[in-house]
Amino acid sequence: MLNTASLALANAVGDAQTWVFVTLVQPLLYQFHFMDMDDLAYDGTLWVVAGAVQVAVIYLILRPLEAVRPMEQWADRKAVRVDVIYTLINRLGLVGLVFFLVLQPAFDNLQAWLRLVGMVNLNLDELLPHMRTHALLGFVIYLVVLDFAGYWYHRWQHQIQWWWELHAVHHSQRQLSLWADDRNHLLDDALQQAFFASLALLIGVPPGQFVALTLVGGALQSLQHANIRMSFGSLGERLLVSPRFHRLHHAIGYGHELGHQNNARLYGCNFGVLFPWWDMLFHSVDFSTSPQPVGIRDQLPPPLGRGVDYGRGFWAQQWLGLQRMSRRLLLLRPQGGSKTGDAAGV
């Protein structure tokens with residue numbers, strides 16, 4: 001039954017991809033003399049169609065839950081609206097696929113060179129041949145490997161201070177909702193897409209699996225940011241990142257600046273992207289603290305904070321992020337190199 005439903009969904013998405021490409025995309029390519037990009041545009045159309053389906057499904061499932069069991073009640077939802085723009089840019093965009101496809105020839109050449117010099121190929125399916133015949137096994141292994149990398153990538157975003165100034169766009173949202181996951185600086189998004197596309201190519205993720213991994217990861221991260229009073233239970237909280245677990249990562253005084261007050265974990269806690277295992281393994285986990293207000297301490301008015309403006313609109317948030325990053329890099333220049341420095345906002 002599950003296989004039949006999956007096949008039907010795949011066929012429906014494929015039919016939609018073909019219709020959108022033939023009806024909308026291909027005429028534009030012909031009109032502007034870009035027919036040499038035909039294959040890339042067709043693959044990109046799949047990304048757009050699948051992303052649109054994902055956004056629709058996420059909204060239909062999570063928005064009612066936010067209405068029925070909200071963690072917070074907001075009289076004014078204007079701050080949430082800008083996050084819808086971020087979501088549509090990210091989920092319907094071609095950035096990830098372009099990075100993946102553009103880097104593919106470079107990695108093919110790298111792997112050919114590795115074979116010439118007698119080095120082991122980096123593809124995981126050559127190290128674990130069962131991944132080729134068991135698609136689900138391969139999917140799970142790729143998911144775990146990419147999530148492990150995602151944990152450390154996320155920690156670096158908090159620890160490397162010029163990078164934090166970009167990542168702070170994500171943490172500056174005071175009203176977490178199902179749309180908040182994609183609220184990121186565009187430069188930060190580009191760095192992230194390039195990193196994970198490169199890693200996916202390095203370990204041999206097939207293009208179809210890459211799209212599926214991105215869609216599954218995006219759906220779970222939308223759930224984590226949703227304004228839902230939800231816990232997965234004592235066991236479930238240790239298997240999958242929940243809204244309660246991730247909300248603490250966004251909490252003022254816990255998620256970035258000071259960590260938990262009892263042990264002063266610098267730079268925060270609960271960095272896990274999909275799985276909390278890495279936080280448990282590398283001592284950055286907090287299961288015990290109750291829900292807290294979210295945001296960045298800098299945003300609070302004096303004397304609790306400094307009343308720093310992180311921007312209300314899309315372009316203001318982007319511009320202010322660049323300004324913060326530039327100031328941080330200028331501060332690092334006299335020392336002649338990069339260093340993490342003190343946590344921002346303390």
Side-chain angles (χ1 to χ4, degrees), residues 86 89-91 93 95-100 102-103 107 122 124 139-173 180-205 209-225 240-241 245-246 248-250 254-257 259 265-286 296 321 324-325 328-329 338-341 343-344:
Y86 281 106
I89 290 173
N90 190 286
R91 304 293 172 97
V95 178
L97 185 63
V98 167
F99 272 116
F100 189 89
V102 168
L103 291 173
F107 275 83
L122 298 176
L124 287 184
F139 179 86
V140 171
I141 291 175
Y142 288 135
L143 189 68
V144 172
V145 171
L146 291 174
D147 193 66
F148 175 74
Y151 168 83
W152 286 108
Y153 187 95
H154 194 185
R155 286 195 70 163
W156 297 335
Q157 287 178 303
H158 284 254
Q159 293 175 346
I160 300 173
Q161 286 303 288
W162 67 264
W163 205 349
W164 159 252
E165 304 300 352
L166 295 178
H167 188 54
V169 172
H170 180 70
H171 279 263
S172 64
Q173 177 56 282
D181 171 50
D182 293 300
R183 178 193 178 105
N184 294 299
H185 197 280
L186 294 179
L187 178 55
D188 199 17
D189 257 342
L191 292 171
Q192 181 168 309
Q193 297 285 4
F195 174 82
F196 284 103
S198 298
L199 179 59
L201 288 165
L202 187 65
I203 63 177
V205 179
Q209 287 269 40
F210 182 69
V211 174
L213 289 163
T214 301
L215 293 175
V216 169
L220 290 174
Q221 289 176 74
S222 293
L223 171 62
Q224 296 164 14
H225 290 84
L240 192 66
V241 170
F245 182 92
H246 191 69
L248 191 59
H249 174 70
H250 280 261
Y254 292 84
H256 175 69
E257 304 99 329
R265 275 197 304 268
L266 193 61
Y267 304 119
C269 63
N270 296 7
F271 298 102
V273 180
L274 300 181
F275 307 120
W277 316 332
W278 319 122
D279 286 294
M280 296 162 65
L281 182 61
F282 298 108
H283 310 292
S284 57
V285 72
D286 189 335
I296 303 170
R324 292 192 305 272
M325 181 190 71
R328 181 66 66 175
L329 290 173
S338 62
K339 63 179 184 178
T340 56

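Side-chain atoms are counted along with the backbone in the values below, which use heavy atoms only and exclude waters and symmetry mates.
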*Going through the distances and angles, do L248 and C269 end up as a side chain to side chain contact (heavy atoms under 4.5 Å, CB included)?*
CA-CA 8 Å; L248 191 59; C269 63; 4.2 Å; yes
*Could you state the interatomic distance from NE2 (H171) to CH2 (W164), rounded to the nearest 0.5 Å?*
5.0 Å
*Out of curiosity, D189 CG to I89 CD1, how far, rounded to the nearest 0.5 Å?*
9.0 Å
*When you check the side-chain N and O atoms of W277 and D147, is any donor under 3.5 Å from an acceptor?*
no
*Indicate yes or no for a side-chain donor-acceptor contact from R183 to the backbone of Y86 under 3.5 Å, with no hydrogens or angles considered.*
no
*Report the C-alpha distance between L146 and L199 in whole Å, list the side-chain angles of each, state the deciding distance to 0.1 Å, and finish with yes or no for side chain to side chain contact (heavy atoms under 4.5 Å, CB included).*
CA-CA 8 Å; L146 291 174; L199 179 59; 3.6 Å; yes
*For the student: nearest non-hydrogen atoms of G272 and H246, plus distance*: O-ND1, 4.5 Å
*Polar side chain donor-acceptor pair, Q192 to N184, under 3.5 angstrom*: no
*L220 side chain reached by V241 side chain, heavy atoms, under 4.5 Å*: no
*Are the side chain of D182 and the backbone of N90 linked by a donor-acceptor contact shorter than 3.5 Å?*
no
_Apply side chain to side chain contact (heavy atoms under 4.5 Å, CB included) to residues V144 and F275 and explain how you reach the verdict._
CA-CA 8 Å; V144 172; F275 307 120; 4.2 Å; yes
*Any donor and acceptor pair, going by atom type alone, linking the side chain of Y151 with main-chain N or O of V273 inside 3.5 Å?*
no
_Note: D279-R155 ion pair, threshold 4.0 Å (strictly below)_ = no
*G204 backbone acceptor or donor facing Y142 side chain under 3.5 Å*: yes
*Work out which heavy atom in L274 is nearest to a heavy atom in Q221; give both atom names and the distance.*
CD2-CG, 4.1 Å
*Which atoms form the tightest heavy-atom contact between I203 and V145, and what is the distance?*
CD1-CG1, 4.0 Å
_Minimum-distance pair of heavy atoms, taken over all atoms of A180 and H170_ = O-CE1, 3.3 Å
*Interatomic spacing from CD in Q224 to CZ in F245 - rounded to 0.5 Å*: 9.0 Å
*Where do Y153 and W163 land on the side chain to side chain contact (heavy atoms under 4.5 Å, CB included) test, with the steps shown first?*
CA-CA 11 Å; Y153 187 95; W163 205 349; 3.3 Å; yes
_From CG (L329) to CH2 (W162), nearest 0.5 Å_ = 7.0 Å
*Supply the atom-to-atom distance D188 CG to E165 CD, rounded to the nearest 0.5 angstrom.*
11.5 Å
*Heavy-atom closest pair, residues T214 and F210*: OG1-O, 2.8 Å
*Could you tell me which non-hydrogen atom of F271 sits nearest to which non-hydrogen atom of H154, and how far apart they are?*
O-ND1, 2.9 Å
*Only one of H225, H158, H167 forms a ring pair (Phe, Tyr, Trp, His ring centres under 6.0 Å) with H250, so which one is it?*
H225
_Between R91 and S222, is there a side-chain donor-acceptor contact under 3.5 Å, judged purely by atom types and distance?_
yes
